[in-house]
Amino acid sequence: EAGVAQSPRYKIIEKRQSVAFWCNPISGHATLYWYQQILGQGPKLLIQFQNNGVVDDSQLPKDRFSAERLKGVDSTLKIQPAKLEDSAVYLCASSLVADRGYNEQFFGPGTRLTVL
Amino acid sequence: GQNIDQPTEMTATEGAIVQINCTYQTSGFNGLFWYQQHAGEAPTFLSYNVLDGLEEKGRFSSFLSRSKGYSYLLLKELQMKDSASYLCAVSLNQAGTALIFGKGTTLSVSS
């Protein structure tokens with residue numbers, strides 16, 4: 001079974017530039033998550049999708065970050081414009097269903113963003 | 001607010017046993033997860049506890065006490081490949097099941 005795919009793996013940009021990340025979840029997984037992991041910290045949820053609808057985006061800095069999940073499969077996360085503090089690894093994860101029980105999330109390899 | 005605490009770093013030797021503690025104070029609780037993350041890689045699932053008690057899976061065990069807001073991950077017969085960051089995460093009982101992660105414990109195993 002193929003895992004969660006992400007691209008690019010690495011990205012270096014200058015502040016105020018724009019950047020986009022792409023995620024392809026495991027086939028059949030209805031729920032998709034984007035996390036931000038700053039060096040030395042645990043992952044922090046940015047946004048959660050159930051199929052193509054947003055379940056939770058309370059921690060997404062909406063003035064600069066946006067995300068979409070067209071057709072309930074692939075997802076893109078965009079930052080425009082980027083700030084120095086956006087330097088982090090952006091992890092995409094997926095799970096079978098979003099219910100209130102056991103819900104193992106499978107993570108992709110992440111995109112390491114460096115903002116100069 | 002949500003708060004999950006775990007030690008920043010731990011060291012141990014091959015063949016030994018190590019216990020990584022995690023305490024949490026969250027607005028809800030619907031289970032506690034442990035993930036392993038090697039440097040530069042994605043987190044991978046280790047264990048899940050929702051009821052009090054010990055869950056054993058090979059060399060790894062995880063314990064939960066909901067009344068104390070406490071969990072630990074026990075690693076036995078340590079191997080060099082166990083050197084990694086171990087993340088404690090809580091699933092809140094709200095709509096959506098996203099995880100709240102601690103900062104992680106970096107375990108270094110030496111020979």
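Letters A, B, ... are given to chains in the order of the sequence lines, protein chains preceding strands, and every chain is numbered from 1.
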Exercise for the section: Consider only side-chain heavy atoms of I, L, V, M, F, W and Y, link residues closer than 4.5 Å, and tell whether A/Phe21 and A/Val89 are in one cluster. Expected result: no
Exercise for the section: Nearest 0.5 Å please: distance from the CG atom of B/Leu107 over to the CG atom of B/Leu75. Expected result: 6.5 Å
Handout entry: Side chain B/Asn49, main chain B/Ser62, donor-acceptor under 3.5 Å
Key = yes
Problem - Nearest heavy-atom neighbours spanning B/Ser61 and B/Leu54 - result: CB-CD1, 3.9 Å
Exercise for the section: Sort by residue number and list every member of residues 109-116 of chain A having a non-hydrogen atom under 4.5 Å from chain B. Expected result: A/Pro109, A/Arg112
Problem - Region of A/Gln6 in contact with chain B, defined by heavy-atom distances below 4.5 Å - result: neither
Exercise for the section: Would you mind telling me which of A/Tyr35, A/Tyr90, A/Tyr33 makes a side chain to side chain contact (heavy atoms under 4.5 Å, CB included) with A/Pro43? Expected result: A/Tyr35
Practice task
Classify the ring geometry between A/His29 and A/Phe106 as parallel (under 30°), tilted (30 to 60°) or perpendicular (over 60°).
Solution key: tilted
